[in-house]
Every structure is written in C-alpha cells, then in structure tokens.
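Reviewing the structure listed below.
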Amino acid sequence: MHCGACCAYFRVSFYWAEMVSGGGVVPDELTEPLTPFLSCMKGTNSKKPRCDKLVGEVGECVSCSIYEQRPSPCREFQQSWVNGIPNEACDRARAAYGLPPLTQVILPHSA
Ligand code: SF4
C-alpha cells in the first residue's frame with residue numbers, strides 16, 4: 001500500500017536486539033531508546049508520530065526509505081483484508097488521516 005498512515009500514527013517499538021548493535025538490521029542511529037529492552041523508530045515517540053524514514057504524503061504516495069532494514073512491527077503489520085482479515089489498527093490509523101477503511105476485494109474465480 002502507499003497510504004503510510006500506520007507509519008505516522010503508532011509508536012513503532014521493538015526489542016533492542018533488532019538494531020545493528022544487537023545483531024539485527026535496524027540502523028541504531030534511526031532509533032531511540034524507550035526502556036532497557038525496547039527501542040523505537042525516531043519520530044514515532046511523539047504526540048504526532050511520524051517515522052523519520054517515511055517519505056512522501058500520507059494517504060497519497062509514500063515509501064519506506066529503509067525498507068530492507070525496517071523492524072519487525074513494520075514487517076508484521078498487515079493492512080486490512082490482507083488474507084481476508086480485517087485490521088482494526090489499520091482502520092484506526094487511516095481514520096486519523098480522514099481516510100476510509102480499506103475494503104475487502106473479492107476476486108472472481110478464474111475458470
Ligand atoms: S521503518 Fe519504514 S515501514 Fe517502519 S514505520 Fe518507518 S517508514 Fe514505516
């Protein structure tokens with residue numbers, strides 16, 4: 001998806017070992033510590049979160065500038081109706097930007 005609301009709504013936190021210094025892939029300098037065990041993406045620990053690595057306009061066209069190095073919450077977050085499953089968190093993030101929930105796309109059976 002190119003909406004990006006989830007990157008600009010939630011605090012994106014993860015176990016510190018996902019950082020390069022812990023043996024993971026997330027560049028340390030793009031994170032900030034939250035607790036002795038958790039870090040978060042810079043920009044997401046504020047009243048108006050927006051990940052520093054999100055590029056573009058939410059709701060229009062965005063991209064993640066560290067896609068291959070993004071942390072697990074970003075990898076695991078599913079937009080609504082992926083695999084036929086709604087995601088209330090996706091809907092909530094989109095609503096914060098005045099965007100309607102995604103709808104389920106029913107594909108016709110192929111012959
Ligand atoms: S790291 Fe990328 S996918 Fe994760 S919140 Fe930031 S911009 Fe979004």
Side-chain angles (χ1 to χ4, degrees):
M1 277 300 284
H2 298 287
C3 121
C6 52
C7 306
Y9 184 73
F10 299 106
R11 186 171 66 194
V12 180
S13 59
F14 46 88
Y15 186 52
W16 71 271
E18 291 192 38
M19 298 190 302
V20 170
S21 60
V25 297
V26 185
D28 289 40
E29 64 274 19
L30 305 181
T31 71
E32 63 179 61
L34 273 181
T35 73
F37 303 106
L38 292 176
S39 295
C40 70
M41 292 304 295
K42 275 187 180 169
T44 67
N45 188 26
S46 72
K47 281 198 167 155
K48 290 192 170 183
R50 179 183 165 117
C51 180
D52 282 2
K53 302 320 289 178
L54 182 69
V55 177
E57 200 65 39
V58 171
E60 293 181 12
C61 186
V62 297
S63 62
C64 170
S65 60
I66 59 156
Y67 191 75
E68 296 300 329
Q69 296 168 295
R70 69 202 193 285
S72 60
C74 312
R75 296 173 187 274
E76 291 162 7
F77 193 89
Q78 300 270 353
Q79 68 187 60
S80 274
W81 301 112
V82 164
N83 298 322
I85 302 167
N87 181 352
E88 176 277 329
C90 170
D91 298 349
R92 189 154 35 96
R94 286 176 59 83
Y97 285 89
L99 300 167
L102 296 172
T103 52
Q104 189 169 20
V105 176
I106 311 287
L107 297 173
H109 292 287
S110 54

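Worth knowing before you read on, the calculation uses all heavy atoms, side chains too, and leaves out hydrogens, waters and symmetry mates. We count ligands from 1, going down the list as the structure has it; atoms in each ligand are counted the same way.
- The CG atom of L30 sits 8.0 Å away from atom SG of C51, with the distance rounded to the nearest 0.5 Å.
- Within ligand 1, counting atoms from 1 as listed, the ones closer than 4.0 Å to a heavy atom of K53 are 7 (S).
- In this structure, the protein non-hydrogen atom closest to atom 4 (Fe) of ligand 1 is C74 SG, 2.3 Å.
- Shortest contact from atom 6 (Fe) of ligand 1 to any protein heavy atom: C51 SG, 2.4 Å.
- In this structure, atom 8 (Fe) of ligand 1 lies nearest to the protein heavy atom C7 SG, 2.4 Å.
- Between L54, T44, D52, it is L54 that holds the heavy atom closest to atom 7 (S) of ligand 1.
- Not a single N, O or S atom of C64, from either the backbone or the side chain, sits less than 2.8 Å from atom 8 (Fe) of ligand 1.
- The distance from atom CG of L34 to atom OG of S13, rounded to the nearest 0.5 Å, is 6.0 Å.
- How far CE of M41 is from SG of C64: 7.0 Å, rounded to the nearest 0.5 Å.
- In this structure a side-chain-to-backbone donor-acceptor pair under 3.5 Å is present from S46 to K48.
- A donor-acceptor contact closer than 3.5 angstrom links the side chains of E32 and N45.
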